[in-house]
Amino acid sequence: MVVGLINANPVIYEKKERRIRQAPETTDENAAEPIDQLEIFDHIRDIKDPEHPYSLEELNVVTEDSIEISDEHSHVRVTFTPTVEHCSMATVIGLCLRVKLMRSLPPRYKVDIRVAPGSHATETAVNKQLNDKERVAAALENPNLLDIVEECLSPTFA
């Protein structure tokens with residue numbers, strides 16, 4: 001484990017059972033398939049926490065209820081809750097969520113990533129940073145930060 005963890009003993013929650021998604025009724029492969037809350041949750045639930053060997057779902061950082069989606073308006077909002085109010089990894093977690101959704105969703109979607117109100121000491125600054133295109137692009141040009149993001153997004157086979 002990493003020395004000097006901000007939250008050395010986080011509460012671990014049980015993972016929800018994965019639900020089987022139904023195949024679309026239409027057979028038109030060119031038809032736009034609607035995206036729902038469950039699909040978004042399935043994309044982000046297994047992202048690993050940057051400090052702990054647990055997923056964001058296991059730490060209750062993201063939940064299915066923390067996702068808002070408007071397929072008609074091509075808009076997704078994910079509100080996440082850091083495990084502690086002074087979490088130094090909140091921007092990294094938010095960046096991981098944004099990158100995962102950018103890679104998983106059609107480009108027509110606008111993605112908003114937010115820290116849950118009252119859950120972080122610098123909530124306004126974190127939200128501003130996570131939703132500023134130039135700051136996100138600059139962060140992803142940093143090879144050390146990109147390595148951390150890639151590690152968090154890499155699949156686990158447990």
Side-chain angles (χ1 to χ4, degrees), residues 1-19 21 35-69 74-158:
M1 266 259 182
V2 180
V3 177
L5 294 176
I6 298 293
N7 184 3
N9 295 307
V11 176
I12 310 303
Y13 296 83
E14 191 173 326
K15 283 183 157 190
K16 285 186 173 184
E17 187 176 328
R18 292 194 187 264
R19 291 177 279 177
R21 298 184 53 78
I35 295 175
D36 62 12
Q37 190 180 31
L38 176 59
E39 184 170 348
I40 300 297
F41 185 62
D42 281 343
H43 284 303
I44 64 175
R45 70 192 301 175
D46 295 321
I47 295 173
K48 289 179 279 198
D49 182 83
E51 284 190 311
H52 299 286
Y54 303 107
S55 71
L56 297 184
E57 178 187 17
E58 289 172 306
L59 295 173
N60 213 33
V61 172
V62 293
T63 63
E64 195 173 336
D65 293 334
S66 68
I67 299 164
E68 300 169 47
I69 183 161
S74 301
H75 182 261
V76 174
R77 173 177 283 163
V78 176
T79 304
F80 70 98
T81 306
T83 59
V84 290
E85 185 177 290
H86 50 280
C87 177
S88 62
M89 293 290 167
T91 52
V92 175
I93 292 168
L95 189 61
C96 290
L97 290 165
R98 175 169 296 287
V99 169
K100 180 64 175 180
L101 292 175
M102 283 172 34
R103 291 177 181 176
S104 304
L105 295 175
R108 67 183 169 95
Y109 277 88
K110 179 181 183 333
V111 176
D112 285 328
I113 306 295
R114 303 262 182 230
V115 175
S119 68
H120 197 273
T122 59
E123 170 190 336
T124 304
V126 171
N127 287 340
K128 185 174 182 179
Q129 202 170 4
L130 292 174
N131 291 292
D132 182 315
K133 288 181 184 180
E134 287 79 21
R135 288 184 187 190
V136 169
L140 294 175
E141 288 177 4
N142 178 327
N144 295 325
L145 193 50
L146 188 57
D147 286 347
I148 293 170
V149 169
E150 293 297 347
E151 177 61 30
C152 291
L153 298 181
S154 66
T156 56
F157 300 102

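It should be emphasised that the depicted structure is a prediction, and the values quoted were computed from it without experimental measurement. Starting from 1, each residue takes its place in the sequence as its number.
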*Asks:* Where is the tightest heavy-atom contact between Arg103 and Glu150, given as atom of each residue plus distance?
*Replies:* NH2-OE2, 2.5 Å
*Asks:* Quick check: closest heavy atoms across Leu153 and Lys100, and the distance to 0.1 Å?
*Replies:* CD2-CB, 3.8 Å
*Asks:* Provide the closest heavy-atom pair for Ile148 versus Pro50 in the form atom of the first, atom of the second, distance.
*Replies:* CG2-CB, 4.4 Å
*Asks:* Counting N and O atoms only, with roles assigned by atom type, does the side chain of Glu123 sit under 3.5 Å from a partner on the main chain of Gly118, one being a donor and the other an acceptor?
*Replies:* yes
*Asks:* Is a side-chain N or O of Arg98 found less than 3.5 angstrom from the main chain of Val111, in a donor-acceptor match?
*Replies:* yes
*Asks:* Starting at CD1 of Ile113, measure out to CG of Leu130 and round the result to the nearest 0.5 Å.
*Replies:* 7.5 Å
*Asks:* Can you measure from CD1 (Ile47) to CG (Leu101) and round to the nearest 0.5 angstrom?
*Replies:* 7.0 Å
*Asks:* Rounded at 0.5 Å granularity, tell me how far CD1 in Ile35 sits from NE2 in His43.
*Replies:* 6.5 Å
*Asks:* Are the side chain of His120 and the backbone N or O of Cys87 linked by a donor-acceptor pair below 3.5 Å?
*Replies:* yes
*Asks:* Measuring from Arg77:CZ to Glu68:CD, what's the distance to the nearest 0.5 Å?
*Replies:* 5.5 Å
*Asks:* Is there a side-chain contact between Leu38 and Ile67 in this structure, where contact means two heavy atoms from C-beta onward sitting under 4.5 Å apart?
*Replies:* no
*Asks:* How many angstroms lie between CG in Asn142 and CG in Leu95, if you round to the nearest 0.5 Å?
*Replies:* 10.0 Å
*Asks:* Carefully, step by step, assess Val115 and Thr81 under the rule side chain to side chain contact (heavy atoms under 4.5 Å, CB included).
*Replies:* CA-CA 6 Å; Val115 175; Thr81 306; over 6 Å; no
*Asks:* Is Gln37 reaching over with its side chain to a backbone N or O of Glu64, donor-acceptor style, under 3.5 angstrom?
*Replies:* yes
*Asks:* Considering all heavy atoms of both residues, which atom of Arg114 and which atom of Asn127 are nearest to each other, and what is their separation?
*Replies:* CA-OD1, 3.3 Å
*Asks:* Of all heavy-atom pairs between Asp112 and Asn131, which one has the smallest distance, and what is that distance?
*Replies:* CA-OD1, 3.4 Å
*Asks:* Which atom pair, heavy atoms only, marks the closest approach of Ala90 to Phe80?
*Replies:* O-CZ, 3.4 Å
*Asks:* Given 3.5 Å as the limit, does a donor-acceptor pair link the side chain of Ser66 with the main chain of Thr79, or not?
*Replies:* yes
*Asks:* Test side chain to side chain contact (heavy atoms under 4.5 Å, CB included) on Leu56 and Ile44; report intermediate values, then the result.
*Replies:* CA-CA 8 Å; Leu56 297 184; Ile44 64 175; 6.0 Å; no
*Asks:* Enter the distance from Ser55:OG to Lys48:NZ here, rounded to the nearest 0.5 Å.
*Replies:* 10.5 Å
